Amino acid sequence: MQITENMLSGARKALSRWTLDRAHRLAKDVGFSYEPVSEGYPETYEAVAEEFRQCNAARRGFRVWAGASDKTIYTSAEANWAFRYIHDVYHAAFRHDFTTAGEFATAVRHVDEVSKAFGADSLEARLIWIDTVGQVQHFAETGGFIDDQLQYARDRLASLVLL
């Protein structure tokens, strides 16, 4: 059975809801939430670690980049911002730097959590794998980021057949 647009749409919606909920639960755990901003967001591992420290001390929102949130696997910019918050907090909390190994370790945490929530063979788990591990691989190979993350996921999913 091929993956249809309806199947993809449903998985994207479920993953978006789960990500927003996960960000909310994470904010309770660490004591601060996030704030989407157009500038002034941390862009290096050192800046992310410092942002985490400052947010923890001041209980203020962790700044995440608000841009480029329209062509993602998520159904809203808000869900993409929530993902960025989770991703950056994991980098800081687990001391995963921005090397390929650090990005991969952070990606695997996302994949594991989504796999536990939806099942390892779920479309949601496949989407998060493509979006995190796939992008780490893409960056390692090309040195660049993927502009249209949703199309990238669609292209990777097109070759999958669900039994």
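As the structure is a computational prediction, the values presented were derived from the model and not from experiment.
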Side-chain donor/acceptor of Glu124 to backbone N/O of Val114, under 3.5 Å:
no

To the nearest 0.5 Å, atom CZ of Arg63 lies from atom OH of Tyr85 at 14.5 Å

All side chain to side chain donor-acceptor pair (under 3.5 Å) counterparts of Ser9, not counting sequence neighbours:
none

Treat each ILVMFWY residue as a node, draw an edge where side-chain heavy atoms are under 4.5 Å apart, and state whether Trp129 and Tyr90 are in one component.
no

Tell me whether Val89 is reachable from Val64 by hopping between hydrophobic residues (I, L, V, M, F, W, Y) whose side-chain heavy atoms are closer than 4.5 Å.
yes

Do Leu20 and Phe62 sit in one hydrophobic cluster, given that two such residues count as connected whenever their side-chain heavy atoms are within less than 4.5 Å of each other, even indirectly?
yes

Search all heavy atoms of Leu26 against all heavy atoms of Ile86 and return the closest pair with its distance.
CD2-CA, 3.9 Å

Do Thr132 and His110 have a side chain donor and acceptor closer than 3.5 Å?
no

Partner residues of Gln54 under the side chain to side chain donor-acceptor pair (under 3.5 Å) criterion, sequence neighbours left out
Glu50, Arg60

Given the rule in the side chain to side chain contact (heavy atoms under 4.5 Å, CB included) test, do Leu157 and Leu127 qualify, once you have shown the distances and angles that lead to the verdict?
CA-CA 8 Å; Leu157 289 170; Leu127 277 172; 3.7 Å; yes

What closest approach, in Å, do Met7 and Ile3 show between heavy atoms, and which atom pair accounts for it?
SD-CA, 4.0 Å

With sequence neighbours excluded, residues passing side-chain contact (heavy atoms from CB on, under 4.5 Å) with Asp112:
Val108

Taking the side chain as everything from C-beta on, heavy atoms only, tell me whether Arg126 gets closer than 4.5 Å to Ser122.
no

Determine, using the 4.5 Å side-chain heavy-atom cutoff (strictly less than), whether Val136 and Leu150 are members of one ILVMFWY cluster.
no

Kindly write out the residues that satisfy salt bridge (charged side-chain N to carboxylate O under 4.0 Å, His left out) with Arg95, not counting sequence neighbours, or none if the list is empty.
none

Only counting residues at least two apart or in another chain, list the ones meeting side-chain contact (heavy atoms from CB on, under 4.5 Å) with Gln135.
Asp131, Ile146, Gln149

Quick one: side-chain contact (heavy atoms from CB on, under 4.5 Å) partners of Ala68, sequence neighbours excluded?
Trp65, Arg84

Show me the side-chain donor-acceptor pairs of residues 12-19 shorter than 3.5 Å, one per line, residues at least two apart or across chains.
from	atom 1	to	atom 2	distance (Å)
Arg12	NE	Ile73	O	3.0
Arg12	NH2	Thr72	O	3.3
Arg12	NH2	Tyr74	O	2.8
Ser16	OG	Arg12	O	2.8
Ser16	OG	Thr75	N	2.9
Ser16	OG	Thr75	OG1	3.2
Thr19	OG1	Leu15	O	2.8

ILVMFWY network linking Leu123 to Ile128, side-chain heavy atoms under 4.5 angstrom:
yes

Applying side chain to side chain donor-acceptor pair (under 3.5 Å), name anything that partners Trp81, two or more places apart in sequence or on another chain.
Ser69

Return the minimal non-hydrogen interatomic distance between Ala92 and Ala49, and the atom names on each side.
CB-CA, 4.1 Å

Minimum heavy-atom distance Cys55-Gly61, with the two atoms named:
SG-O, 3.6 Å

What pairs with Glu103 under side chain to side chain donor-acceptor pair (under 3.5 Å), at least two apart in sequence or on another chain?
His87, His91

In the hydrophobic cluster built from side-chain contacts under 4.5 Å, what are the other members alongside Phe145?
Phe139

Report, one line per pair, each donor and acceptor closer than 3.5 Å where one atom sits in a side chain of residues 27-45; sequence neighbours left out.
from	atom 1	to	atom 2	distance (Å)
Thr44	OG1	Ala47	N	3.0

Would you mind reporting whether Arg154 and Glu5 have side-chain heavy atoms less than 4.5 Å apart?
yes

Would you kindly say whether Thr4 and Asn6 are connected by a side-chain donor-acceptor distance under 3.5 Å?
no

Just jot down the salt bridge (charged side-chain N to carboxylate O under 4.0 Å, His left out) partners of Arg25, sequence neighbours excluded, or say none.
Asp21

Report the C-alpha separation of Lys71 and Gln151 in whole Å, then their side-chain angles, then the decisive distance to 0.1 Å, and conclude whether the side chain to side chain contact (heavy atoms under 4.5 Å, CB included) test is met.
CA-CA 8 Å; Lys71 296 177 183 176; Gln151 188 59 51; over 6 Å; no

Spacing of Phe98 atom CZ and Glu46 atom CD [to the nearest 0.5 Å]:
8.0 Å

